[in-house]
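First comes the structure, then the notes that go with it.
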Amino acid sequence: MTTHRLIALATLGSIALLGGAYAFQHLGGLHPCKMCLWQRWPHVAAIAIGLIAMATGQHKLAWLGFIAAMATAGIGLYHTGVEQLWWEGPNSCTSGSTVGMDVDDLLDKIMNAPLVRCDEIAWSLWGLSMAAWNAVLSSLCALFWLIAGIRR
């Protein structure tokens, strides 16, 4: 497979993942949490990098695409850990621990909580949440970017 095709596949992968996220949001009614939004930005960067690399023939940009794809995969993996309660996420995005809180603090925490929590799984397929699928599929995109970068 040519370097150009590898970059095209990686770019299309990010387009599909970002498009899927928007479809779940606007057609499926699943509003994103803060960490979901974080995962979108590296896809935007990867798409821009891919389009520029294909238009200019600057295939060495594949390394930047690789970094972008690994960034969103890493955020997706981190988000998956938060969803699985392996670790705590950002305080502004998770329910966190309520152990030792008095009633007033607990009520204040509930009243000031964001509408969409990062530690709740809104949708899953075959036991994997959207964040986990993003991590897996973005890693595949990163592999295409990596091979394109090596072949350059």
Side-chain angles (χ1 to χ4, degrees), residues 1-98 109 112-152:
M1 187 174 300
T2 67
T3 302
H4 192 80
R5 282 195 180 159
L6 288 165
I7 291 173
L9 280 174
T11 304
L12 287 172
S14 281
I15 290 170
L17 287 166
L18 189 58
Y22 281 112
F24 274 103
Q25 179 180 349
H26 296 290
L27 301 176
L30 296 176
H31 297 286
C33 70
K34 180 186 291 189
M35 293 176 73
C36 293
L37 294 173
W38 292 350
Q39 292 171 74
R40 293 180 183 187
W41 288 108
H43 282 300
V44 171
I47 292 165
I49 292 164
L51 293 174
I52 292 167
M54 288 185 294
T56 64
Q58 294 294 319
H59 293 157
K60 60 186 168 194
L61 291 174
W63 292 107
L64 292 176
F66 172 74
I67 292 168
M70 287 304 295
T72 190
I75 297 167
L77 183 61
Y78 175 66
H79 190 180
T80 300
V82 171
E83 290 173 333
Q84 296 298 324
L85 305 178
W86 296 336
W87 46 74
E88 200 168 306
N91 288 336
S92 62
C93 198
T94 60
S95 59
S97 176
T98 57
K109 185 173 184 154
N112 293 313
L115 294 176
V116 181
R117 302 199 92 64
C118 296
D119 57 355
E120 293 178 359
I121 299 172
W123 179 91
S124 68
L125 176 66
W126 301 318
L128 296 177
S129 68
M130 284 188 278
W133 278 112
N134 182 59
V136 170
L137 296 174
S138 294
S139 295
L140 180 61
C141 291
L143 180 62
F144 290 137
W145 283 114
L146 178 65
I147 296 168
I150 291 170
R151 284 194 179 173
R152 141 189 108 113

From L61 CG over to I52 CD1, what is the distance, rounded to the nearest 0.5 angstrom?
7.0 Å
Can you find a heavy atom in the side chain of R40 that is under 4.5 Å from one in the side chain of P32?
yes
What distance do Q25 atom CD and C36 atom SG have between them, rounded to the nearest 0.5 Å?
9.5 Å
Grab the two heavy atoms, one from A68 and one from A45, that are nearest each other, plus how far apart they are.
CB-CB, 4.3 Å
Could you measure the distance from the CD1 atom of I7 to the CD1 atom of I147? Nearest 0.5 Å is fine.
12.0 Å
Scan side-chain atoms only and decide if H79 and N134 contain a donor-acceptor pair under the 3.5 Å cut-off.
no
Distance col, row T3:OG1 vs K60:NZ, nearest 0.5 angstrom, shows 13.5 Å
Value for CD (E83) from OG1 (T80), rounded to nearest 0.5 Å, stands at 5.5 Å
Can you give me the closest heavy-atom contact between T72 and S138, atom names plus distance?
CG2-OG, 3.3 Å
When the ring planes of W87 and Y78 are compared, do they come out parallel, tilted or perpendicular, using 30° and 60° as the limits?
parallel
Between H43 and L17 the two heavy atoms that sit nearest each other are CE1-CD1, 3.5 Å
Over all atoms of both residues, closest heavy-atom pair of G65 and I49
N-CG2, 3.7 Å
Taking atom NE2 of H31 and atom CG of L37, what is their separation to the nearest 0.5 Å?
11.5 Å
Which heavy atom in A69 sits nearest to a heavy atom in W145, and how many Å separate them?
CB-CD1, 3.8 Å
Minimum heavy-atom separation for I47 and S14, please, with both atom names.
CG1-CB, 3.7 Å
Do the rings of F66 and W63 sit parallel, tilted or perpendicular, given the 30° and 60° boundaries?
perpendicular
